[in-house]
Amino acid sequence: MLHEILLSLSGHPSPLLRNDHTDSKEQSIVSPPERDLLKTAGHLSDLHCKLISYTAQISASHPSIICRAVSTAINSLYLAAFQRKVLDVEESILRKDASLVGAYNIVPLTAVIGEFSGWTRRMEWLWDLVQFILKEKGGSPCRAAQLIDKLRGELQTGYADIGETALSLVRVAETAWLKQVSAWVLYGRIPALGGVDFFIRKSEDAEQGFSIEHNLLPSFVTSSTATSMLFIGTSLNRVQTRNSIGLNNTGLDHLSSQLQILADLASPLNSVAFSRAITSIRLTLSRTTLQKLLPLAKVLEMLSLFRGFFLLGRGEFAMALTQQADEVIRNRWRRADNLAYEKRSGLGNVVVKEGEVAAVLTKTWATLSSLQGQHADEDEELEIARDLLRLNLSKTKASTPVKGKAGTNGHVPGGITTTPFRNLLFSVPVVLTSQIPPPLDLFLTAADVQIYTSINSYLLSIRRSHLHLTDLWKTTSLRRHHPPPPGPPYSTTKGGIARTRVLRERWSSRSSAMRSAWSTSSAAIFFLAETEAYLQVEVVEGLWDDFHGWLTGTKGQHGKDSHIQTQTQTHTQSKSRSQPQAHTQTQTQTQTQTHTQTPHHDPQTLATAHRQYLRALTRRLLLTQPAFTEPLYDLLAHTGRLAAQVRRLHSVWGAADLEADEGVVDAFSDLQREDRDARAEIRRAERRVKDGVAAVLAALRVLSLDSRFMAEVEGEGEGDAESGGADAGEDEAGLGLGDEVVGVLGEGDGEGDGDGDGEGTGYTPRRTGGIDRLLMKLDFGGWFDAGKAVGGGEEDEGEGVDDGF
C-alpha cells in the first residue's frame, strides 16, 4: 500500500487514491482517519499529475515565451523537488529511519502523509497559476505582462512558502522579459521568439515605424520609460537599416557595459532602478552613436530654419510670399472677368489650383534670391528651405491639435483653436509645411511641423493684413492731387483756371470721402503693428533666444559671468596686495571653466524640450484661446475687405477720370452706381473694423482677468502632463520623462528648479510677454465710443468714425 501511495504521488495515477472508499467492505478495512489521509494523498497526486500534463502543454505550445519559461520553471524546480521529496521518503522507509518506521517495522500512514504537509498549499497555488496561464481573456491567451503582474501581486499573500515560490518565478519571468528588452534596446530588433508578446510593434501608421502596445507593458514600467525604450530601439533600427553609421568597435565595447547594467537588476524589478538602467543606456547611445548621427549643428540648422520661415524671423519671406499670392489672386480675377464677358461663367476660373500655389512659393524663392545681390555670399539657409519647404492646399479643415509623441501616455494637452487663419492667404486653406530629413526625425515629428504650420498661418495672416493696409499709402493718386493742376502758362488762362477749379473740387470731395477710411486704416495699422510687435519681439523672439541658449549652453550665461566677475573683483581688491598673481590665475581658470561648458542633449531630451517650447509658444501667442482668435480672425478679414474696397473705389475713380477727362467710356460699367456701392462698402468695412478692434480688445481684457489662463501663460500652473505623468510645464523641472528619471539624471529628488547641470538639466521656458503690457499699448481711450453719438444709417455711422478718431 505504501508503495502504491508513493508511486501515485510521483505522478502515476493509482486507483487506490482515486477511490472514495464508500463501499461497506472497504469501510470495514480502511478506518475514517486513514480515509482522510488517503484523500489528502490523492489530492496531492491529482495536482501533481495535472501539473505535469499542463506544464508540458504550456511549454510546448503557448505563444508567450515568458509563460513558457515560467511553466518550464514550475516543472524543473518545484515538480522535480516534489518528486525528490517522494524519493527521499521512500529512501527513509527503506533505511528504516526512526522518523518514519516504528517498532516491528510499522510505518504510520500519518507520518508518511505528514512529510508532504508543506506541499499541499504550494501545489494548489501552482495549479491556480497554471490555470491562469491557460485561461483566455477575450479570445487572447495570457500575456507576459499579465503573468508578471500576477506573480508580483502574489508576493504579498503573507505565506512564506507562497512568497518564496512567487519570488523565484518572478525572477524567471523578469529574466526572460529582460532578454527580450535587451534585444530591442541593445540591437534595435524585435525579438524573433515571442515577438507577439513584446510591447513594441511595427506600425505603418506610426511616424517612427514602431508603436507601443500599453496593454503588454508590466506595471513596473512607466510610460516615460517605455517611451525611452521605444526611442532607443527605433534609433538603433534606423542606424542599422540606413547604414549611415555602423556599429563600430566603440559601440560594441559599450554593449558589454549595457548588458551588465541589465544583468545587475535584481528581481523583483524596481520601477526607479529599471528607469535608471534604461536612461543610462539611452545616454550612452546618445554619446556614442547618435552624437555622430545627429550633431548639434544639424539641430540648430533645422530649428533656425523653422524660426526664420515658419515663425517669420525673415520678414522678407513673409512680404514676398504675400505679394506673390496677391498677384496670383488678382490675375485670376482679371482673367475671370475677361472670360465672363464671353462665356458668362467666370467663377470656375477663380478657384486656386495646387500648381499655382506651388508656383507662388517658387516665385518667392526667386524674389528672395534676387534680393541677395550679385556679390553676396550664398545663403545656405535659403537653399535648405528651398529643398524642404512646401506650400500646399490643405485637405482638412480641422486645426492641428498639440499631439504628444508616439508612445506617450496618450494625454493630449489643450489644442490649438480651429480658427481658419490658413484661409486668408489665398481665400482657400493653404499651409506651409516642411519635410523632415532622416537624421532629424529622431527628435522632430510631423505633429511638430503641423504646430509650426498653424503658428505660421496665424502670424502670416497678421503680417498680410498689416501689409495690405500700409500698401494703401503707396497709392499716390489716393493721397495727393491726381492728376495735378495744369502749370503755367496754361493755368493763368480761363480754361486753365476752370480746369484747376474742377480738379480741386474733385479732390476735395474725394478727400472728404476718404478721410474716415484713412483714419480707420491708421488705427487698424496701429493695432496690427503693436500686436505683431508684441507677438514677434516679446513672445517669439524671447522664447527662441531662451530655447537657443538652452541648446547651446548659453542660457543664463551672462548673469553667471557677471556674478563670477563681481565676486572675483571683490576678492581681488581684498587680496591684491598679498596674492595678486595667484588670484589672477584663479580668475582666469574660473572664467575658462564657465565659458567652455558645452552641453550635450540626447535626441529624446531635445524632443521633450522642443515640445515644451512649442507648447509655451502656442499658449503665449494666445493660439489656444478661441475667445481671442475668433474676433482677431474676423478683424483680419474685415481689414482685408476694407483695403480691397478702397482699391476698388480707386479704380472706379480712375475710370471716371478717364471718362470725364479723356472721353473713354466703358459701356459695360455704371461708374456712378459702383462709386456709391464702393463708398457704402467702405463705410460698412470701417464700422466692422472698428467693432473688430473693440472685440479683440475686450477679449484681451477678459483674458487678462482670467487667473487660470494668466497662471498658465506666466508658467505658474501648467496643467499638461508630459511623458509619464510628471508635470512638464513651464514651472516644473526635468525632461518630462518621469520623476524617477529626473531624479536619476539630476542627482536630486526629481523636482528641482531646472538649474542643474549635465544631462539632468530640464528646459523651462522663461516668462516672456504679458497681456497687460500689450493692452497698455492698445488702449485707444474713447476713440471707438465717440462715433456712436452720431445716429443714422451706414453713411452717418461711417462719417462718425472720422469724428471718433
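Values in this document were obtained by computation on a predicted structure and should not be read as measured data.
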Stepwise, does the side-chain hydrogen bond (donor to acceptor under 3.5 Å, both in side chains) test hold for Tyr763 with Asp546? CA-CA 9 Å; Tyr763 169 67; Asp546 180 66; 3.2 Å; yes
Would you give the length of the straight line joining atom [atom1] of [X] to atom [atom2] of [Y], rounded to the nearest 0.5 angstrom?
| X | Y | atom1 | atom2 | answer |
| --- | --- | --- | --- | --- |
| Ser394 | Leu432 | OG | CG | 12.0 Å |
| Phe628 | Phe709 | CZ | CZ | 9.0 Å |
| Thr618 | Gln625 | OG1 | CD | 10.0 Å |
| Leu368 | Leu321 | CG | CG | 9.0 Å |
| Leu311 | Leu305 | CG | CG | 10.5 Å |
| Met514 | Thr520 | CE | OG1 | 10.0 Å |

Specify the closest pair of heavy atoms between [X] and [Y], including all atoms of both residues, with the distance to one decimal.
| X | Y | value |
| --- | --- | --- |
| Asp387 | Gln435 | O-OE1, 4.1 Å |
| Ala678 | Gln645 | CA-OE1, 4.2 Å |
| Ile525 | Trp473 | CD1-CZ3, 3.4 Å |
| Ala385 | Phe309 | CB-CE1, 3.5 Å |
| Leu472 | Ala643 | CD2-O, 4.0 Å |
| Met302 | Pro437 | CE-CD, 4.2 Å |

Just so I know, are the side chains of [X] and [Y] near enough to count as touching, which here means a heavy-atom distance under 4.5 Å?
| X | Y | answer |
| --- | --- | --- |
| Leu636 | Phe421 | yes |
| Thr433 | Leu391 | no |
| His468 | Thr322 | yes |
| Ser304 | Glu381 | yes |
| Asp677 | Arg673 | yes |
| Ser461 | Arg422 | no |
| Phe527 | Leu635 | yes |
| His610 | Leu303 | yes |

Measuring centre to centre across the rings, with the benzene-like ring taken for any Trp, is Phe306 within less than 6.0 Å of Trp544?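 They do not qualify: ring centres at least 6.0 Å apart.
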Salt bridge or not between [X] and [Y]? Use side-chain N to carboxylate O under 4.0 Å.
| X | Y | value |
| --- | --- | --- |
| Asp379 | Arg314 | yes |
| Lys363 | Glu327 | no |
| Glu356 | Lys353 | no |
| Glu532 | Arg464 | no |
| Lys298 | Glu301 | no |
| Arg307 | Glu541 | yes |

Which residue pairs pass the salt bridge (charged side-chain N to carboxylate O under 4.0 Å, His left out) test when at least one of the two sits in residues 639-651, sequence neighbours left out? none
Kindly say whether [Y] contributes a backbone atom to a donor-acceptor pair with the side chain of [X] at under 3.5 angstrom?
| X | Y | answer |
| --- | --- | --- |
| Arg611 | Asp448 | no |
| Glu686 | Ala517 | yes |
| Ser454 | Gln450 | yes |
| Tyr534 | Leu621 | no |
| Ser704 | Arg701 | yes |
| Thr624 | Ile416 | no |
| Thr554 | Trp550 | no |

With no hydrogens and no angle check, do the side chains of [X] and [Y] hold a donor and an acceptor under 3.5 Å apart?
| X | Y | answer |
| --- | --- | --- |
| Thr417 | Thr629 | yes |
| His638 | Asp691 | no |
| Thr364 | Gln324 | no |

Applying side chain to side chain contact (heavy atoms under 4.5 Å, CB included) to Val539 and Leu617, what does each step give before you reach the verdict? CA-CA 7 Å; Val539 177; Leu617 190 61; 4.2 Å; yes
Kindly determine whether Thr552 and His548 satisfy side chain to side chain contact (heavy atoms under 4.5 Å, CB included), including the steps that lead there. CA-CA 6 Å; Thr552 58; His548 185 271; 3.7 Å; yes
Between Leu606 and Leu551, does a side chain to side chain contact (heavy atoms under 4.5 Å, CB included) hold up when you go through it step by step? CA-CA 8 Å; Leu606 286 175; Leu551 288 172; 3.3 Å; yes
Please determine whether side chain to side chain contact (heavy atoms under 4.5 Å, CB included) holds for the pair Leu460 and Phe317, giving the CA-CA distance in whole Å, both sets of side-chain angles, and the decisive distance to 0.1 Å. CA-CA 10 Å; Leu460 185 62; Phe317 172 74; over 6 Å; no
